[in-house]
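Chain letters run A, B, ... following the sequence lines, proteins first, then strands; residues in each count from 1. Computed over heavy atoms, backbone and side chain alike; hydrogens, waters and symmetry mates excluded.
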Amino acid sequence: MLSQESLRQIDREIAKYPPGRRQSAIMSALRIAQVEKGWLPKEVIEFVADYLGMPPIAAYEVATFYNMYDLRPVGRHKITVCTNLPCALSGGVYAAEYLKKKLGIDFDETTPDGKFTLKEGECMGACGDAPVLLHNNHRMCGFMTTEKIDQLLAELERQ
Amino acid sequence: MSAHALILAGAGGERAWRLQDYAARGGYAALRRIIAGKTPPEAIIAELKTSGLRGRGGAGFPTGLKWSFMPYAFPGDKYLVCNSDEGEPGTFKDRDILRCNPHAVIEGMIIGAWVMGCTRGYNYIHGEIFEIYQRFEEALEEARAAGLLGRNILGSDFSFELFAHHGYGAYICGEETALLESLEGKKGQPRFKPPFPASYGLYGKPTTINNTETFASVPFILGMGGEAFLNLGKPNNGGTKIFSISGHVRHPGNYELNLGTPFPELLAMAGGMRAGRKLKAVIPGGSSAPVLPANIIMDCTLDFDAISKAGSMLGSGAVIVMDETTCMVRALERLSYFYHEESCGQCTPCREGTGWLYRVVRRIERGLGKPDDLDLLRSVAGNISGRTICALGDAAAGPVQSFIKHFADEFAYHIENKKCLVPPLVQEAGSQIYM
Amino acid sequence: MLEIEIDGKTIQAPDGSTVMDAAALAGIYIPHFCYHKKLSIAASCRMCLVQVEKAPKPLPACATPVTNGMRVWTHSETAVKAQKGVMEFLLINHPLDCPVCDQGGECQLQDLAVGYGGAHSRYREEKRVWLNKDLGPLVASDASRCINCTRCVRFTAEIGGLMELGQAFRGDHAEIMTFMGRALDSELSGNVIDLCPVGALTSKPFRFSARTWELSRRRSVSPHDSLGANLIVQTKHDVVRRVLPFNNERLNECWLTDRDRFSYEALASEQRLTLPMMCERDTWHTVSWQIALEFIASALQSIAREQGGQALGALASPHATVEELHLLQKLMRGLGSENIDFRLRQRDFRGDAVRAGAPWLGMSVVDIHDLHSLLVIGSFLRKDAPLLAQKVRHSAYRHGLQVSAVGPNAEDWRMPVAARALVAPSAMVATLAAIAAALAEETGGAVTERLAGRLSAAAADISGEVRAIARSLASGEKNAVWLGNFAVQHPRAAELHLWAQEIARLSGAALGFIGEAANSTGGYLVDAVPGEGGLDARAMIESPRRAYLLLGAEPDLDFADGAATVATLARAQLVVAASAFDSPALRQAADVLLPIAPFTETPGTFVNCIGEAQSFNTVARSRGEVRPGWKVLRVLGNFLELPGFDHEDVESVRDEALASGIPARLDNAIGDVPEADAPVPRAGRLQRIADVPIHFADPLVRRAPSLQKTADAAPPAARMPASTLAALGVNAGDKVRVTGSGAVELHAVADEGVAPGCVRIAAAHASTVALGPMHGDLSVERI
């Protein structure tokens, strides 16, 4: 179900916790699985749950509680825009509007070519860099004026 | 950076976060002294008490006192946890600490482990800052390689393992017991207290949890002495504090100041109001702190006691600045949306109430408000407040209560005229940043 | 003890009490939803907020520990304001569908809304709607009614032993669900219906059939497993509509197995026998009771007269009542026959000659709480005795009880099992001997002299698991050794009993029997077992009798060898079957069918595994010409003109049956049993492991339609470990021909919980009857 590389990474996470506490690695394990698969199909969640020796529904609770997990397929580039107050005061909402117009999609939608998915995000803890957006959960981009959004999209288009 | 900086001092360069640079700045000296001299834990706790260090995560609980609660003699595992799950709108200081000076946090945690007899530690890092998490993992490797972590630290018989745990998007995990649940691989739903983590924490074992900045302050306090640290601030509000300033200012960012610095000084450091506009309101301690109108905040000094006296909270030191282009209804709608989305769903008042608040505020913002909506909002917020396991209920109710209290006219205008006092184009212009 | 004042009342509460506990002691009701005395404390519904002196805000009574001198107000303005606030929140998203909700009239939310809810709603936004979930055949979901109290979630994790339900998503998107929309798959799942304080989880079989206020409630006792769970049977127009638990802290607490709860559906089965019937020249026709009984009496009399009482045999179900079993044995003995037995699935009766008394659990159910170490021998514990298993599970999770097991099966008991010797049936005696030898080493004791001679091989064969089991028993202070149904049905059951006794002696453990059925202990107490010169259940089939009386048992499904039983009975001159149900096998075996009452339509008594005689009364009207079994037997005694059949009422039968008292007759001790030759499985054949699946186990459950739709009622398969499958060249999923005394076709299933060299094939199911004996060897080949 998962690659040897992913399993190796998960094992490394498991080793961080005391013996008998494999469940503590569920968040990392789901993250690693999501990076490999692009999103988290239920079969993958069940596989990870079995791997850690926890009930699948407990793993599903985790996957649905934390909002960076994707329970449905997303585009190759998931862009999450913060629209919370500090970001909104510095153009976050307008950055999101600009992205919607430019990509022709609304929040929680994916472009027909499967390249981009747009999400509305919550505070990312980088309000000083507003507007802020997150690319594929792991790369943060700050001070996202329309020019910088254009640059980013062009860069991602090329990938 | 301000001249008062301790944690952020000299931590600006590309390599400043590395162990070598940290050591060159005097890093790990405190730890080495403690281990070489076998400093008794009580002496360190006394120093912390003298320093007046209060928790930097938001609650402001005296750190020395907290550390003294741990049952040192408890047999078996005891845990030390660093709360870097910074996700309260307006707060972004821990990210910078971990980016610029992770070893200060690591050293602070090792000292904490020494003081409390902890065997293992975890740093729980906010989900959205993956790059910072990776850097922290690297810093941990450096510390392990240097014999500062693991078995027999610096050749002594003191051992302490420290790991990084990565969150994945849940504000509630900033609440310490939710964080513990999350560390155990569960949903981050806060635990009812008592029992408190000091007796029943991670995996049911005694556990102490402190904020990133709190841990990072410890080596500096032990370096300069508690008295000196205290004197940087004011009585009961010792030392420096990192303020994260965001919103309608020219240069948003983190500024490390002595506690007790007047607010206008911070505003000036941040370059003043964007485009010279007029200050309207400030949320001084993260989004859950009550908003203060300009005239009140301009007279405040930035410390726990003064802000509390003015009717708000210093919290995590996250200062959200709003100018005259701000629609307060819209601002509240953003915050209410956040608390609605971030409620963990456990306690009835918060689960049901945050959605209710958000829907009513959104309705008002969209011009569908009803005359009795403000009374309804006050009543619903009152029914959430103080009725939940954790403080998220209060955090969600607080902004509603304070926004309506200080800006009732603006809400009434919205309801009556079905539109905003501030024209949308003005709002948009106000939010433009200038790079 | 702590002193607390609640609403002005001073209460002494034990240390560690919560305010909720203390209030309950004083009879003060504090409204609540998520709190449940048997579950962990969630403190999340917030309905039980009360005012506490010096506390700045109201505190949840369920989670607030009592401190000495604490003063609490549950109905002060502060408390009521908080409670009303919570009630309003609970109602804003709750549908206003009480008129069509099955919970109406017994809904905690509805009841409390009367006291704490407003007359009109201030909520003008859109209500949340959730899609209903398919939770399987027993539990219905109306998700939008859910108030997220999480009682059901905590139940599956804490009582059921596996978290099957979860609360997914967060905030007001939080939703209770199973993983991937799976059905609840637990023998205890129906309890979530009782736990749900609203109409979100209701009984699927009961749905829309009656309102709670239309139902009459009568107490009864479960006729299924050996625990004898206490029931409240609810009827409308004299028809059983629903079964709920009656709280009994000594036995079932507030729980029921799904079998206890839903088997009532069989009462309405089309297979109910409602009129006496006789077969003449292969044709069945109904007759009056008078004619049927006259015929039976004269036939029995003439056989007894001509061939002696030993030509007669009586075989009774262990689910029959004390009164029925007593009158049956009395009748047989009156006819001069000692051929009576109720242990229909047992093979080895050597213990009868040397047992000290009636087998029982050897301890109270409550004592499981304090056990340190428990060895379970030959048991499908979780399915055979779900509520005993639940007690063991609770003790294992909460109090560190170490559970170990010996047997050919290692299915998931949903509890930690510290050590398990997974061995073939033929190796079980030797394994117990090895445990005894290891125990002697661990404790410095010695194996009893008469057994020591049998040790040589066993002692040399102490595996890691055997050692671990011995260590667990040696280290505990309060221990128990239980023999399960598989051990009792084993071909060398008496030797297993003997070695279990030795292990118990060496470890200072209580020795106990889990018991197969509701009256397994009661059957012994009323001597429904062969006396001097009498034949046991096996012998009565292997040495055919001229006439048989069958009480409540189905010849194909309730015996150790259904195929042989049907064949033998079919050849007998006369077979009289008293039964609540009709069936093709009964018609094949019997000549006369007498419709007797199931447990709801007769008074009766079961003696459960802890030796408690639990009597119950009729709760519903009988159908057709159905008569209580005890009356039928009494009248038959009259027709036979036997002395001592003049009981006026059921109580006098009961008093007579249990006249010699119970406690003094409970004794698990066994004298010496010689070593039998271990049957060596023939080359190329597999040893059969036959479980009796929970929903096939007795005539009632077999006919309960909803239970028959559960995973526990899946048709039998041929389950083998991968190594055995490989040796046979069979893949999981393949169809195989399994041959015992006859052949059947089954699907092969890979199951590492089966001892190598064995095949687990369930008994008590029509599809496997042809295999013959539950024990012995079988050939398995790919088709």
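In this structure, B:R387 CZ and C:M47 CE are separated by 11.5 Å, a value rounded to the nearest 0.5 Å. Expressed to the nearest 0.5 Å, how far CD1 of B:I389 lies from CZ of C:R46 amounts to 5.0 Å.
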Evaluation steps, side chain to side chain contact (heavy atoms under 4.5 Å, CB included), between B:F192 and C:I41: CA-CA 9 Å; B:F192 182 79; C:I41 293 169; over 6 Å; no

C:N93 and B:E352: CA distance, side-chain angles, deciding distance, side chain to side chain contact (heavy atoms under 4.5 Å, CB included) verdict: CA-CA 8 Å; C:N93 276 309; B:E352 305 293 339; 2.8 Å; yes

Pair B:R359-C:R124, side chain to side chain contact (heavy atoms under 4.5 Å, CB included): steps then yes or no: CA-CA 9 Å; B:R359 291 182 183 104; C:R124 290 188 289 249; over 6 Å; no

Residues B:T348, C:E88; criterion side chain to side chain contact (heavy atoms under 4.5 Å, CB included); working and verdict: CA-CA 10 Å; B:T348 306; C:E88 180 178 37; over 6 Å; no

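Here the shortest heavy-atom pairing between C:V86 and B:P349 reads CG2-CG, 4.1 Å.
Using a 4.5 Å cut-off between heavy atoms, C:P56 makes no contact with chain B at all. Proximity to chain B is limited to the side chain of C:L49, based on heavy atoms less than 4.5 angstrom apart. Interface residue B:I384: backbone and side-chain heavy atoms are both found under 4.5 Å from chain C. Neither the backbone nor the side chain of C:K84 comes within contact range of chain B, judged by heavy atoms closer than 4.5 Å. The part of B:Q189 that comes within reach of chain C is its side chain, from C-beta onward, which places non-hydrogen atoms under 4.5 angstrom from that chain.
Between B:R363 and C:E125 there is a salt bridge, since a side-chain N of the basic residue sits under 4.0 Å from a carboxylate O of the acidic one. A salt bridge links C:R170 to B:E342: at least one charged side-chain nitrogen sits closer than 4.0 Å to a carboxylate oxygen. The pair B:D375-C:R122 does not count as a salt bridge, with every side-chain nitrogen at least 4.0 angstrom from each carboxylate oxygen.
Ranked by non-hydrogen atom pairs under 4.5 Å with chain C, the options B:P190, B:G188, B:S385, B:S379 are led by B:S379. If you tally non-hydrogen atom pairs under 4.5 Å between each of C:P60, C:C34, C:A63 and chain B, the highest count goes to C:A63. With chain B as partner, the option from C:P58, C:A174, C:P65 having the largest number of non-hydrogen pairs under 4.5 angstrom is C:P58.
More than 12 heavy atoms of other residues, nucleotides or ligands sit less than 6.0 Å from atom CD of C:E53. The number of heavy-atom neighbours closer than 6.0 Å to OH of B:Y200, taken from other residues, nucleotides and ligands shown, is 12 or below. Other residues, nucleotides and ligands contribute at most 12 non-hydrogen atoms within 6.0 Å of the NZ atom of B:K419. The 12-atom threshold is not exceeded at NZ of B:K405, counting heavy atoms of other residues, nucleotides or ligands nearer than 6.0 Å. Taking a 6.0 Å sphere around NZ of B:K418, one finds it holds more than 12 heavy atoms contributed by other residues, nucleotides or ligands. By the neighbour-count criterion of 12 heavy atoms within 6.0 Å, atom CG of C:L131 is sparsely surrounded, having that number or fewer from other residues, nucleotides or ligands.
Between B:W356 and C:Y123, the angle of the ring planes goes over 60°, which puts this pair in the perpendicular group of the 30/60° scheme.
Taking 4.5 Å as the heavy-atom cut-off, the residues of residues 141-169 of chain C that approach chain B are C:I147, C:N148, C:Q167, ordered by number.
Pairs of residues two or more places apart, or lying in two chains, that qualify as side chain to side chain donor-acceptor pair (under 3.5 Å) and include a residue from residues 170-179 of chain B are B:E88-B:Y171, B:E175-B:T177, B:E175-B:K193.
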